[in-house]
Each structure stands twice: as C-alpha cells, then as structure tokens.
Amino acid sequence: MAEPVSAPKGTYDILPDDQPLRRWVVSQAEAVFQRYGYGRIDTPTFEETRLFSRGVGESTDIVRKEMYTFEDLGGRSMTLRPEGTAPVARAYIEHGMHTLPQPVKLYYHSPMFRYESPQSGRYRQHHQLGIEAFGSAAPEVDAEVIGVLAALYRELGLKELDLRLNSMGCRECRPGYSAALREFLAKNTEAFCGECRERAQLNPMRTFDCKVPACREALETAPRLTDHLCPACAAHHARLQECLAVQDISFVPDHTLVRGMDYYTRTTFEFQSPLLGAQSGVGGGGRYDDLVETIGGPATPGVGFGTGVERIILALARGGGTPPGPRHPVVYLVALTDEARREAFSLAHQCRSLGVAAELDYMSRSAKGQMKQAGRSKARYAFILGEQELADHVVTVRDLVSGIERSLPGQEAVSLAAAQSADL
RNA sequence: GUGAACGUAGCUCAGACGGUAGAGCACUGGGUUGUGGCCCCAGCGGUCGCGGGUUCAAGUCCCGUCGUUCACCCCA
C-alpha cells in the first residue's frame, strides 16, 4: 500500500455527522445578522499580502509569524486570509460603498488561516462568523454590534459568557498615553520579563497581555488608558455603556483588553467562556476608525466583530447545547430477489422525485441484513419487495415504529410515504 | 517557536518484571427457506505511528522523527 496522506496539521475534516450542528449554528447566525440589517459578503480566500501587512499592522503576531504567504506564478505575493475585517474593508473601498447610504452593514462566514501551533479550540484553518458596519462613528453602532453578538449567543443557548470591554482611545489621545506608559515601563524595567521589555519597544500596550505574575503585579500601578481618554473618546465610551444597559447587556471593564490587530480605536470587546480552557475567547471585535484610510480609502469609521464557529461548537458541547438531529430517510427499500432489486431501484427514484428521502441496499445483504439496515437508518417505513409482492403487484409496507404491515400497490405506498414526509 | 503527556483493530482502550498481540463497540453472516430494534454463535479486521539502536528475543527499554493532545505565546 502507498503511504497514506493525512489532513495537514491543524486542519480537520467536517464529516456528515458534524454537519447538522454546524449548519444550525451558521443559519442561526445568518438569521440574527439579517434581522439587524446586515447583508452577506464573500471575499476571496486569498488577498494581496500588503492588504494584511498594512491593514492588520506590521507589529502584530499575525503579520509577523502566522500568515500563509506564497508567491503566485505571476510573482505576486499572496496570503491566505488570516482575519476577516481587512478584506471586507478592501471590498468596501473597491466597490465605492461610501457612496451608499451609511452605515453599510455587512456579514461574512469564511475560513481563516493562521500558521499557529494547534491546541484545544485552535486550528490552522478555522471558520469565523463576523459583521462589519462602515461609515458611522456613533457609539450606538458599537452597541448594536455588541448587541448582535449577544443576541446570537443567547439564541444559540450559550451560557456563562463574560463580556469584557475597553477603550483604546484614538489618534488624538493614544500617543500621549503610549508615551506615559513607555515612561512607566522604562522606569520599572527591572520588574518585567524579557519579553515584556521587548514589547515595551514595539507596542507598549501589548505588555498588558503578559501572564507572568510579577509583570501583572508591576502593571497594577501602570497608567491606564481609560484615565487618559480625550473628551470625545470618553463621551463615546460613556454613551456606549448607556446603550449596552438599554439592551440588558452587562460587562466587566478590562483595561488590559488589547486585541491582536493594530487597527482598533476606541471600543474593544471580547466574549469569554470559562468552558473553553486556555482559548477562552469565543468572539470579539471593536472599532477601527482609521483602517479604511490606512488601506487607501476615504476616511471612514467602522466597527465589527468576529466569532469562531469551532469555539462556539466547543462551548456548546461542553455546556449542554441543543444539537439538532440528523435527517433520516422516510423509506428504506428491502429487495429479496434480483428482479425485486430492479423494482426497488425504480421505487426509490419515484420517492426521491417526490421529495421523499429513500434509501436502499447496494451490498446484496440478506433479508435480515437489509431489515437491520432499515432499522438503523431510522426510516419510518420499510418497503419490502419479494417474489410474492412482485406477483401481486404490491409492496409490503412495514411501519418500523409500530411493526404493523400491510400490502399496498406501489403508487399508494409511495403516496403514503409522501404524505408522511410532508408532516415532517 | 518552547515545554509536557500520549501514539496498539474503523472507534474507545487493556497488554506488572522485555518472551511470538487482546476486549468492548462497530461491521458481515448464522440462529428465524423472506423481516429491524433485545439475545446467542461465528467471522472480518492489526506493518503495535515511522526510522534506527540495545537484546537470543522489543508493543514493552534507549535515541531520533512525525502526529495528536494540553499548556506557554497569541487569538476565533
């Protein structure tokens, strides 16, 4: 035998039994998004590399070490989409959506690719559901975006989620804060780990991510961005909190919530689940008022979120979600002779043409074996065809729930199944 | 990229001290000359991740490698 090939590291197959739950999650999400007025957009699976290096930011981990980048045959540098916001912003610009009535509200469901070391809830290819609202700087839009995600989680039955909320300020107030924080870090440099000292240079706010207890303790006394917000950012943040209250959404302020993309301004948020272990983030996002301009479009504010399908499914599985059952056939055809097999194939076709899910044996199983399959398939009826039935031009219809059998002409049997099928 | 644990049948897992591979489930057939879900019997199914080493002998010990899992990092 040739050497078997397996799925690439960090990827996995989504088998038939996995599909119903996934499709349910996605369809619930689409229903919520549409109810809030978001329209679906699909962007390419790969983009020019510079979209991400510019949009997401050169200093981010994503750009520095996690992108699937390749050169195409024309010598252009391309990258498999690592996140959803930059591509949608690109499409917004490319299609002149700034000429539409604002805000322009879009949603997506797309695979994302990041070259990371896989672990529980983290893959090299994963799927995100996300929304983006472009063109309005109103805090009400931030609140709506968070409200959409909260509504989705509620309708999926996700329990025990914590919402963390922060403000990153804007280009008016962040530089002053960064300077203050940098000064603090420089003054206390011996209190921090090597990595934090590095981060202090690149992007001082990233030090808040550090899990080293000593660093955390040292950061307790660090200046907080929420205390340095300019009046406009402070007013925005205050109004957002009012709008969350209106929607009955509670949150915990977390001034250390610094997300992995450089484009965030003002609002950042993240829903976390204690059920997920180390990868506790189920979904999050924020405002990115400079992103569109950064990648070459007209100055346009925006807010959005991304939420991981795999993480939702994991949290659902661990928190007792509601997995919808798979679809069963209505009819299983049992054929006992070669001639009966021909008739069974024909009846299966008739059933299926009428929208009735029908299954039959292709493995030459014994009568008992076929009945066993019929039972296993959870079909409502077994249509049994043998010498006797063919001679009498009937099929034996066995109700697999009650065990009651009766003889019916083929057409009537099919009609019976069609009626049953309509009730489902 | 770093650290730890694990890798035996399709799946879940046994295999003290190295001695020539087992169970349950699943699958197929039979018990019922043409009838499921329970039960009984039988059968099918394994290069013990891969490569090297130690040994008379390696699933078992050693080294390497790949993969999985968990954690760090970061994120969905």
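Chain letters run A, B, ... following the sequence lines, proteins first, then strands; residues in each count from 1.
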Using a strict heavy-atom distance below 4.0 Å, which residues from residues 25-48 of chain A are in contact with RNA chain B?
none
Using the rule given for salt bridge (charged side-chain N to carboxylate O under 4.0 Å, His left out), can you reason through A:D361 versus A:R341, listing the C-alpha separation, both sets of side-chain angles and the distance that settles it, and then say yes or no?
CA-CA 9 Å; A:D361 173 61; A:R341 284 182 181 280; 3.4 Å; yes
Roughly how many Å apart are [M] and [N], using the [atom1] atom of each and rounding to a whole number?
N: B:U28; M: B:C38; atom1: P; result: 14 Å
N: B:U60; M: B:U20; atom1: C1'; result: 13 Å
N: B:G45; M: B:A9; atom1: C1'; result: 6 Å
N: B:C17; M: B:C61; atom1: P; result: 7 Å
N: B:G31; M: B:G24; atom1: C1'; result: 22 Å
N: B:G1; M: B:C74; atom1: C1'; result: 12 Å
N: B:C50; M: B:A58; atom1: C1'; result: 16 Å
N: B:C11; M: B:G49; atom1: P; result: 13 Å

Considering Watson-Crick and G-U wobble pairs with both distances under 3.5 Å, what does [N] pair with?
N: B:G37; result: none
N: B:U32; result: none
N: B:C61; result: B:G53
N: B:A16; result: none
N: B:G67; result: B:C6
N: B:C72; result: B:G1
N: B:C27; result: B:G43

Euclidean distance, atom [atom1] of residue [X] to atom [atom2] of [N] [Å, nearest integer]:
X: A:Q119; N: B:U68; atom1: CD; atom2: C1'; answer: 13 Å
X: A:H109; N: B:A76; atom1: NE2; atom2: P; answer: 15 Å
X: A:R318; N: B:C70; atom1: CZ; atom2: P; answer: 7 Å
X: A:L314; N: B:C70; atom1: CG; atom2: C1'; answer: 13 Å
X: A:Y12; N: B:U69; atom1: OH; atom2: P; answer: 12 Å
X: A:L257; N: B:A76; atom1: CG; atom2: P; answer: 10 Å
X: A:M67; N: B:G1; atom1: CE; atom2: P; answer: 17 Å
X: A:R122; N: B:C70; atom1: CZ; atom2: P; answer: 10 Å

Could you write out each protein N or O paired with an N or O of nucleotides 44-49 of chain B at a distance under 3.5 Å?
none

Can you check whether A:W24's main-chain N or O pairs, donor with acceptor, with A:S27's side chain at less than 3.5 Å?
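Pair found, side chain donor or acceptor close to backbone of A:W24.
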Would you say B:C27 has OP1 or OP2 under 4.0 Å from some side-chain N or O of A:R365?
no
Ignoring backbone atoms, test whether A:S117 places a side-chain nitrogen or oxygen under 4.0 Å from the OP1 or OP2 oxygen of B:G1.
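No, outside the criterion.
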Nearest to the side chain of [X], heavy atoms from C-beta on, is which of [options]?
X: A:P118; options: B:G29, B:U69, B:A76; value: B:U69
X: A:K9; options: B:A71, B:G67, B:C74; value: B:G67
X: A:E116; options: B:A76, B:G1, B:U68; value: B:A76

A:F70 side, atom CZ; A:F46 side, atom CZ - distance, nearest 0.5 Å
5.5 Å
So, taking the atom named CD1 in A:I131 and the one named CG in A:L106, what distance separates them when rounded to the nearest 0.5 Å?
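So the CD1 of A:I131 and the CG of A:L106 are separated by 10.0 Å.
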Examine the side chains of [X] and [Y] and answer whether a donor and an acceptor come within less than 3.5 Å of each other.
X: A:Y38; Y: A:E144; answer: yes
X: A:Y332; Y: A:Q370; answer: no
X: A:D290; Y: A:T265; answer: no
X: A:E387; Y: A:T337; answer: no

May I ask you to check if A:R81 and A:F113 form a cation-pi contact, with NZ or CZ under 6.0 angstrom from the six-membered ring centre and within 45° of the axis?
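A:R81 over A:F113 ring: no.
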Any base atoms under 4.0 Å from [X], or only sugar-phosphate, or nothing? Heavy atoms, all strands.
X: A:Y332; value: nothing
X: A:V282; value: sugar-phosphate
X: A:G10; value: sugar-phosphate
X: A:G121; value: base

Near-parallel close stack of A:H126 and B:A76 base (under 5.5 Å, under 30°):
yes
Under the side chain to side chain donor-acceptor pair (under 3.5 Å) rule, collect the residues that match up with A:E183, sequence neighbours excluded.
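Applying side chain to side chain donor-acceptor pair (under 3.5 Å) to A:E183 gives none.
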RNA chain B: 5'-proximal contact among A:S6 and A:F271 (nearest heavy atom)
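By nearest-heavy-atom nucleotide position, the 5'-most residue is A:S6.
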Taking for each residue the nucleotide of RNA chain B with the nearest heavy atom, is it A:S120 or A:E310 whose nucleotide lies nearer the 5' end?
A:S120
The ring pair (Phe, Tyr, Trp, His ring centres under 6.0 Å) partners of A:Y264 (sequence neighbours excluded) come to none
Sorted by chain and number, sequence neighbours left out, ring pair (Phe, Tyr, Trp, His ring centres under 6.0 Å) with A:Y123 holds for A:Y12
Looking at every non-hydrogen atom in both residues, tell me the closest pair between A:R318 and A:S120 and how far apart they are.
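Scanning both residues completely, I find the closest heavy atoms to be NH2-OG, 3.5 Å.
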Residues A:D42, A:R40: salt bridge by 4.0 Å N-O rule
yes
Check the chi torsion on B:A57 and let me know: syn if it falls within 90° of 0, anti if not.
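Anti, since the glycosidic angle lies more than 90° from 0.
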Going 5' to 3' through nucleotides 30-41 of chain B and flagging B where a protein heavy-atom sits under 4.0 Å of the base, S where only the sugar-phosphate is that close, and - otherwise, we get BB--BBBB----
Decide if the gap between the ring center of A:F251 and the ring center of A:F269 is smaller than 6.0 angstrom.
no
